[in-house]
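First the structure, in the form of structure tokens, and then the observations on it.
This is a predicted model, so every value here is computed, not measured. Throughout, a chain's letter reflects where its sequence line sits, starting with A, and its residues are numbered from 1.
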2 protein chains.
Amino acid sequence: MDILHTLGEIGLGSRLKRVSDLLMKITQQIYTNQNIDFDPYLFPAFNTIAKLEKTTNTEIREVLHITQPAVTQNINKLLQKELIELQVDDIDKRKKWITLSKKGEKTFNQLQPLWNILDRAVKKYTVFSAESLIEHLNYFEEQLKNGNYMETIQEQIKTELAISIVSFEEQYASYFYDFNVEWLESFFYVEDYDREVLSKPQQYIIEPGGHIFYAKQNNEILGTVALLKNKEGVFELTKMAVSPKHQGKKVGQLLMQYCIDFAKENSFEKLFLYSHTKLANAIYIYRKYGFIEIDVEADSPYERSDIKMELVF
Amino acid sequence: MDILHTLGEIGLGSRLKRVSDLLMKITQQIYTNQNIDFDPYLFPAFNTIAKLEKTTNTEIREVLHITQPAVTQNINKLLQKELIELQVDDIDKRKKWITLSKKGEKTFNQLQPLWNILDRAVKKYTVFSAESLIEHLNYFEEQLKNGNYMETIQEQIKTELAISIVSFEEQYASYFYDFNVEWLESFFYVEDYDREVLSKPQQYIIEPGGHIFYAKQNNEILGTVALLKNKEGVFELTKMAVSPKHQGKKVGQLLMQYCIDFAKENSFEKLFLYSHTKLANAIYIYRKYGFIEIDVEADSPYERSDIKMELVF
DNA sequence: TATATTTGCATAAGTACTTATATAAATACT
DNA sequence: AGTATTTATATAAGTACTTATGCAAATATA
């Protein structure tokens, strides 16, 4: 029995608030499940800043139709989470220009697909023909309460956000080239030999007994890695590259974990890799996964490497 | 520009809360305008207590689907306003039975017609065919913001709640009898002469040059009063009675004010009245309107009076 | 050009919920 | 019967808004 349903329309204010609270709570749970440090009530302000690229407290107040102190509080929360940055206007020293921080942009891109899922789930239970606001509200609240809404989202997350690892197929060959060249170009320079190997993965990696894996999410390829056969049971982990669009999703770590699992399953003796000390983040990850630094041989095949690591099983 | 409208469905939680806040604020304003000491957010709890007649904290929590501390807080607010009373259960000493207080019942009855108006106004802007919750919400919020909702309510209040004073008409004669007899019966006893005068107001009041006024609200008569001619420019204010159904609306004071205004307009010399000291409230009101106590003559026409008051202009 | 007003943002305190926890009485368990 | 658990309510603290107010910079006014 839910008296608010029988109170007639006077209780509408309370009903609206109750449904709002419930929706916010469920959304918060979803962020938490996805390990995303974000609050649903920050969405309007955060999204506004992202869409306007550069804005001010007052402008947010105007477009969101909330009070100015509410905006200030939202901004403080976003600052705390390091998602935005402030800069005082050169001319008008009262004004503070608000922009997304690097982390904010990353989070924004990371959140986008989840928001699409949330958006579709809300639509699923709110877009239908009804004869009154109360009727719409009753139905939506019911779906929030009985778990249908949550279930719909979780299913979508599973099919759309889950990242799976797939083996080399001819149709994916170009990603191997594109991701690696893009990465090489930004950190080093691309040699002709690189282009040759990357454009013919079948010939240079697969046929000599190696493997190429791809991280795939919802029919999109996010990143790739190769295991190049050195000798029986010894493979070089190489050509790891992640699409810049999908940085921040820990795609590299997922590929790394898969390679290690694959090596163990196939009773490999060891894996090794070449890297460069200026790629501190990458080396940190390699260490995290158990790779240990060893001497680089004099006749190292890579000019751009100054460090060699191995993982012995 | 209202970005929340363009945020898609993710902003729905914020939208719902914003509309709730606005609706609550407007409703609060209406209570304030009507001089009613009540808060819209107390409506669910208050209404539940009234409907169930006797209930407990836990039961309210169950039927309203809010948390128990929220109920406790609602109860405390209602206690503060003296609208409810608590009584510990005889057997289970943890339980507190909640009932409306006398004032609570009065307020509940007083609020009923206003709630009807609010209910109809909400329905007016929320009951229509729409293809989504957002569509319903957009329209309703728009009506709240542009003032249409408020205007609708104010118009209805004017036509339904405004109390006007009308002069004697034959069709109202029975009210004069009914209200007065009901009142006399509860405080004194009804003499045969009372019944004679009250049943023939035309003959006993109007024809000798007196007046009878009625308080009328939305085609309903709430109360009555008579000015009985004593001599030229001197009238006895008598037979004031208000329907028990409409106590608490200050109908008596409205009638009193009308009589005084009427007396001034017609250049009366003075008004006087007979009452009884046990009717302390009534006498307080008479004093408030300027009546001053004078000696009761030996041959007072009323057995049930022990006080006489007059207002000289 | 000095003063008043407006503007942009911050701070403080209030509100009506929430979660977490406390307290005391009733009930269940052994 | 004595102890543990459950139940009914209260209290405390947190949250995300609100209103009210403060403050400094910019702009209008005289």
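Distance CZ (B:Arg61) to P (C:dT18): 11 Å, rounded to an integer number of Å. In this structure, B:Leu42 atom CG and C:dT15 atom C1' are separated by 12 Å, rounded to whole Å. Taking atom CD1 of B:Ile98 as the reference point, atom P of D:dA8 lies 13 Å away to the nearest angstrom. Atom CG of A:Leu86 and atom C1' of C:dA10 are 12 Å apart (whole Å). Atoms CG (A:Leu16) and P (C:dC17) sit 13 Å apart, rounded to a whole Å. Residue A:Ile91 contributes atom CD1, which lies 16 Å from atom C1' of C:dT7 at whole-angstrom precision. Taking atom CZ of residue B:Phe43 and atom C1' of nucleotide C:dA16, one finds them 17 Å apart after rounding to whole Å. In this structure, the CG atom of A:Asp39 is 10 Å from the P atom of D:dT15, given to the nearest Å.
When the nucleotides C:dT19, D:dT9, C:dC17 are ranked by their closest atom to the side chain of B:Ala70, C:dC17 comes out on top. Set against D:dT19, D:dA12, C:dA25, the side chain of B:Lys25 has D:dT19 as its closest nucleotide. Of the candidates D:dC17, C:dA10, C:dA16, C:dA16 carries the atom nearest the B:Lys77 side chain, counting heavy atoms from C-beta on. Picking from C:dA10, C:dC17, D:dA10 the nucleotide with the shortest atom distance to the side chain of A:Thr72 gives C:dA10. Checking C:dT18, C:dA10, D:dT19 against the side-chain heavy atoms of B:Ile66 singles out C:dT18 as nearest. Set against C:dG8, D:dC17, C:dA12, the side chain of B:Asp21 has D:dC17 as its closest nucleotide. Comparing atom distances between the B:Thr56 side chain and each of D:dT9, C:dA10, C:dA26 picks out D:dT9 as nearest. Distances from the side chain of A:Arg94 to the nucleotides D:dT6, D:dA26, D:dA10 place D:dA26 closest.
The side chain of A:Asn74 contributes no N or O atom lying less than 4.0 Å from OP1 or OP2 of D:dA16. OP1 or OP2 of C:dA10 has not a single side-chain nitrogen or oxygen of A:Asn76 nearer than 4.0 Å. Proximity of A:Lys17 to the phosphate of C:dA16: no side-chain N or O atom is located under 4.0 Å from OP1 or OP2. Distances shorter than 4.0 Å separate none of the side-chain N or O atoms of A:Lys93 from OP1 or OP2 on C:dG8.
Within the structure, every pair that satisfies the salt bridge (charged side-chain N to carboxylate O under 4.0 Å, His left out) test and touches residues 24-44 of chain A, not counting sequence neighbours, is listed here: A:Asp37-A:Lys81, A:Asp39-A:Lys81.
For A:Asn281, the CG atom is loosely surrounded, since the number of other residues' heavy atoms within 6.0 Å does not exceed 12. Few gaps surround CD on B:Gln257; more than 12 heavy atoms of other groups in view lie less than 6.0 Å from it. Within a 6.0 Å sphere centred on NZ of B:Lys103, heavy atoms belonging to other residues, nucleotides or ligands number more than 12. Within 6.0 Å of CD in A:Gln112 there are more than 12 heavy atoms belonging to other residues, nucleotides or ligands.
Contact annotation: side chain of A:Gln73 to base of D:dT18, donor-acceptor pair present below 3.5 Å. At a cut-off of 3.5 angstrom, the base of D:dA8 holds no donor-acceptor pair with the side chain of B:Gln68.
At a threshold of 4.0 angstrom between heavy atoms, the contacts of B:Thr58 are confined to the sugar-phosphate backbone, with no base atom among them.
For the pair A:Gln28 and A:Asp92, both in contact range of DNA chain D, the more 5′-proximal nearest nucleotide belongs to A:Gln28.
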Determine, step by step, whether A:Lys145 and A:Glu141 satisfy the salt bridge (charged side-chain N to carboxylate O under 4.0 Å, His left out) criterion, reporting the C-alpha distance in whole Å, the side-chain angles of both residues, the deciding distance to 0.1 Å, and the verdict.
-> CA-CA 6 Å; A:Lys145 276 191 187 158; A:Glu141 188 177 16; 3.5 Å; yes

